[in-house]
Amino acid sequence: MALLIDDNCTACDACRPVCPNEAISVGDPIYVIDPLRCTECVGAEDEPQCMLVCPADCIVPNPDFVETHDELLAKYESLHG
Ligand code: SF4
């Protein structure tokens, strides 16, 4: 499933540069993950890179976007051609 950023975000900008899918953008007041671009890093990395670098532990699964590994991989491939 895609991930989302919760209210504990401090807008530190640690996550945005590490996303292989350019899924993270600056929101107001907190950062936002586009669920149509987030693959949980499937296709690019072994684990979600944004979760690794977030100092606030505010990145969690998005319950509205439950997807299988194969669906996440297909999303990655559609994003990257
Ligand atoms: Fe981007 Fe990966 Fe985080 Fe999804 S899990 S927002 S693809 S860094």
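Counting convention: from 1, in listed order, for ligands and their atoms alike. All residue numbers refer to positions in the sequence shown, counting from 1. Here the structure is a predicted model, which means the values were calculated and not measured.
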[atom] [closest protein heavy-atom partner, distance rounded to 0.1 Å]:
atom	answer
atom 2 (Fe) of ligand 1	C41 SG, 2.2 Å
atom 7 (S) of ligand 1	N21 ND2, 3.4 Å
atom 4 (Fe) of ligand 1	C38 SG, 2.4 Å

Atoms of ligand 1 close to L3 [distance to a heavy atom under 4.0 angstrom, numbered from 1]: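 Counting from 1, the qualifying ligand atoms are 5 (S).
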Proximal ligand 1 atoms for I33, defined as those under 4.0 Å from one of its heavy atoms: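 Numbered from 1, ligand 1 contributes 6 (S).
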Gap between atom OG1 of T39 and atom CE of M1 - 0.5 Å precision: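 Spacing of CE (M1) from OG1 (T39) equals 13.5 Å.
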Within 6.0 Å of CD in E71, more than 12 heavy atoms from elsewhere: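 Enclosed: over 12 neighbouring heavy atoms sit under 6.0 Å from CD of E71.
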Atom CG of D28 with >12 non-hydrogen neighbours under 6.0 angstrom: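 Atom CG in D28 is not crowded, with 12 or fewer foreign heavy atoms closer than 6.0 Å.
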Metal site atom 3 (Fe) of ligand 1: N/O/S of C50 inside 2.8 Å: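 Given the 2.8 Å cut-off, C50 counts as a ligand of atom 3 (Fe) of ligand 1.
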Any N, O or S atom of C19 closer than 2.8 Å to atom 1 (Fe) of ligand 1: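 Of the N, O and S atoms in C19, at least one lies under 2.8 Å from atom 1 (Fe) of ligand 1, which means yes.
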L3 vs N62 side-chain heavy atoms within contact, under 4.5 Å: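 A side-chain contact is absent here, since even the closest heavy-atom pair is not under 4.5 Å.
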Pairwise side-chain contact, L52 with V18, heavy-atom cut-off 4.5 Å (strictly under):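 In short, these two side chains do not touch, never coming nearer than 4.5 Å.
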Q49 (side chain) donor-acceptor with C19 (main chain) under 3.5 angstrom: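 Answer holds: no.
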Mode of I24 contact toward ligand 1 - side chain, backbone, both, neither (heavy atoms, under 4.0 Å):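 For I24, only side-chain atoms sit under 4.0 Å from ligand 1.
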